[in-house]
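Everything on this sheet refers to the single structure shown next.
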Amino acid sequence: MEQLIQHLPKDRRTPRLWFKQLSIFSEPDAAHIVRDVSFRRGLNVVWAKEPAAGSAVGLHAAGHGVGKTSLCLLLRYCLGDPSKAVTELRDELNGEFPKGGVIAVLNVEGRPFTLCRYFNPHKDGFAIDGEDSEDSWGQEAESNDRDFLKRLASDMMSSVSPSNIPDTGQAIEWRHVLAWISRDQGSRFKSFFTWREGEGTGLQRSRQDPPIVMRAVLGLMDQSESILMSRIAALEHDLTRASLRANELQREPALIRRRIESNLRVMGALPDDLPIQADGLFDDSVEKRIRGASEEAAGRLAQWDLKQEKADQDLAELRAELKLRHSESERARAEYDFADAARRGDESAYQTVGQRLLKLKNLSSHCEEGNISFSQCQYVQAEIRVLELSSLRDQRDRQSLQRAMEESAGRAVAALARKNEMVSKIQAMEQQEESLKKALSKVRIARRTAEIEASKWPNLLDELARWSSSAGSAKAQAEIDEAQVEIARIDRDLGSARMQLTLLHQDKSAREKALASITDALTQELLPDGAFGAFDPRDEDRPFRLSMRGGEAYRVLEVLLGDIACMLDSAGLTSSLPGFVIHDCPREADMSIGLYENFFSLVNGLEQKAFASKDPPFQYIVTTTTPPPTGLQEGVVRLELDPSSDDGLLFGRRFGVEQNELSGKGRR
């Protein structure tokens, strides 16, 4: 024992975190306290008794379901544990005690606090500076429970270095450390880094990250190691990226050729056994057929260009002639109206239509009937003269007007025939225009189809030509060579960084040696028959090892001794561990009764001899169904739970179905 005591650090006199009291209440007042549990620094045993054989039956016959695990979960609840097991218990208790909760008196970094948390997840609790818990509900709170737990987490993690996992950058959080120091009973102490069963710890990598968290919390990862690990992770990423790039460069020509060949064969409906390029001048090939198809498509496009050009010209000429015929038709209609007004003797209409015909003076176009210009047409000129005679403002000679009207009336029949002839010509030309428009539309569609057909071949042939000129070229090979050089450089840098990390690990720090010494001294004290203990912080499975071979019992003992070694080491300033550990029923994890009793006696004896005159700088809470060794000092057993009566249960009664089954109400 003296050898073990010599290796213990003595910088801290109190643990960074420990509980003094936990009270469970059904309603927020002192009269409704369901259970009070006081704790001490050092070893705290919660014992769930098993009744003597034959003295009880059913649920009363075993030390299970009495509340020992629930007590551990409530302590975790007071520390802000967000795990599924804690949440499920809180919800169950909220159903049983809708107004209930817990009050904990705990010390954080040497300062006492009173914390109240309700089972109702929507009801805020509170935190009070100090430990006067007689009437905590009536005191003015400094903060709510959530704010207090945020500060607690910040205080506990303030000295952890590095604060992030070097490989992934994930922040190391209080919940990760809490999973370690309050192991889930479901993990069954399978291995040192199995902290939570099923739901996990929230770490990204279940195997690599817990050892890193442990080393960061224990102060075993210096800045140089953290930098090296981050550099190795970055180099591994760069190496993967560079290797992928090199593979792409090497595969790219073949992929391009395969895609081009596939497209050429599909487009040309060509057989797979036809070679892409011909060896001889007259040999058949995909390229030769595609070039032939491209030339044919180009020829068809040229023909359709000519057809479209002719159709456009025909339509334009027809529309120009149709415009002229509309003008002539309008004039013929006016001539007929003029002659018809004269025939009817309608002087007013005669003069009105005459005003419109007067515009014929300004006509400069061509008269189709006479094949001369309107200015030289005798018919037009005669009409103009008649109009001028009949349009005098001050008409004195009514007889002259009458003669002019009679002469115009004589031409009414001819004017009507001319008007009807113009209407027929226009209708025929408009029908011809519609036919030309439809024909032009068909030509344009056919021309567009030919254009698409003609354009698809040159694009693929150009791409094939580019591949032929670039594949295997100096430029392509230079890119591949450059990628290979980059891979070789990264690989050298990675090997160098890994070697540096290996050398750094081989040069064990004083911290590692101190923990290894505590582990070995604990092992020799517990197993004095030549056994020894070892510590390797980089082992991802068993950082704490015993030289003894004894199956599952010794594997569980490795976990227990490892946690105790770290807890004892937390009295040093380098460690960020709170100095607080909860173990829920390690005896049930296939640990033999002899080892179990010796383990209890070891922790108790260390406390008596190393800290006889003062409270120890740690708090260890452990639950058990196996009777503790009789030689434990007074006050170590803080709570006895007894399944033989409701008073012996943590909550003073069983819940739900359990209670109905005991009373017979649940039976059918």
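What you see below is based on every heavy atom in this structure, not just the backbone, and it leaves out hydrogens, waters and symmetry mates. Start at 1 with the first residue, then count along the sequence.
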Original post:
Quick one: ring-ring contact (aromatic ring centres under 6.0 Å, His included) partners of F148, sequence neighbours excluded?
Top reply: F113
**OP:** Could you label the plane-to-plane angle of the W180 and F192 rings as parallel, tilted or perpendicular, counting under 30° as parallel and over 60° as perpendicular?
**Re:** perpendicular
Subject >> Residue from R175, R90, R196 passing salt bridge (charged side-chain N to carboxylate O under 4.0 Å, His left out) with D81 >> reply: R196
Subject >> Residue pair D155, R151: steps toward the salt bridge (Lys or Arg N to Asp or Glu O under 4.0 Å) verdict >> reply: CA-CA 6 Å; D155 290 344; R151 291 197 304 272; over 6 Å; no
**OP:** Mind running salt bridge (Lys or Arg N to Asp or Glu O under 4.0 Å) on R245 and E486 for me, showing each step along the way?
**Re:** CA-CA 10 Å; R245 173 61 177 159; E486 177 72 3; over 6 Å; no
Original post:
Less than 4.5 Å apart, any side-chain heavy atom of E433 and any of L315?
Top reply: yes
Original post:
Any side-chain heavy atom of S187 within less than 4.5 Å of one from W195?
Top reply: no
**OP:** Check the pair T201, V213 against side chain to side chain contact (heavy atoms under 4.5 Å, CB included), reporting the backbone distance first and the verdict last.
**Re:** CA-CA 11 Å; T201 60; V213 171; over 6 Å; no
**OP:** Answer yes or no: is there a side-chain heavy-atom contact under 4.5 Å between S159 and S576?
**Re:** yes
Under 3.5 Å, side-chain donor or acceptor atoms of residues 300-311 against the rest of the protein: list the pairs with distances, not counting sequence neighbours.
unit_1: D305; atom_1: OD1; unit_2: R447; atom_2: NE; d: 2.6
unit_1: D305; atom_1: OD1; unit_2: R447; atom_2: NH2; d: 3.3
unit_1: K310; atom_1: NZ; unit_2: D314; atom_2: OD2; d: 2.9

**OP:** Dump the intermediate steps for salt bridge (Lys or Arg N to Asp or Glu O under 4.0 Å) on K438 and E434, then the final yes or no.
**Re:** CA-CA 6 Å; K438 291 179 180 179; E434 288 299 319; 5.7 Å; no
Original post:
So do the side chains of E173 and M157 get within less than 4.5 Å of each other, counting heavy atoms only?
Top reply: no
Subject >> Sub-4.5 Å side-chain heavy-atom contact between N164 and I172 >> reply: no
Original post:
What are the two closest non-hydrogen atoms of D539 and R542, and how far apart are they?
Top reply: OD1-N, 2.9 Å
Subject >> Min side-chain heavy-atom separation L218-P537 under 4.5 Å >> reply: no
**OP:** Locate the shortest heavy-atom distance separating W174 from A153; write the atom from each residue and the value.
**Re:** CB-CB, 3.6 Å
Original post:
Relative to F193, does R207 satisfy both conditions: NZ or CZ under 6.0 angstrom from the six-membered ring centre, and within 45 degrees of the ring's axis?
Top reply: no
Original post:
Taking C-beta and beyond as the side chain, do L73 and E88 meet within less than 4.5 Å on heavy atoms?
Top reply: no
Original post:
Does the side chain of T240 come under 3.5 Å of the side chain of S243 through a donor N or O and an acceptor N or O?
Top reply: no
Original post:
Without hydrogens or angle criteria, can the side chains of Q427 and Q431 be said to hold a donor-acceptor pair below 3.5 Å?
Top reply: no
Original post:
Would you call N94 and P121 a side-chain contact if the rule is heavy atoms closer than 4.5 Å?
Top reply: yes
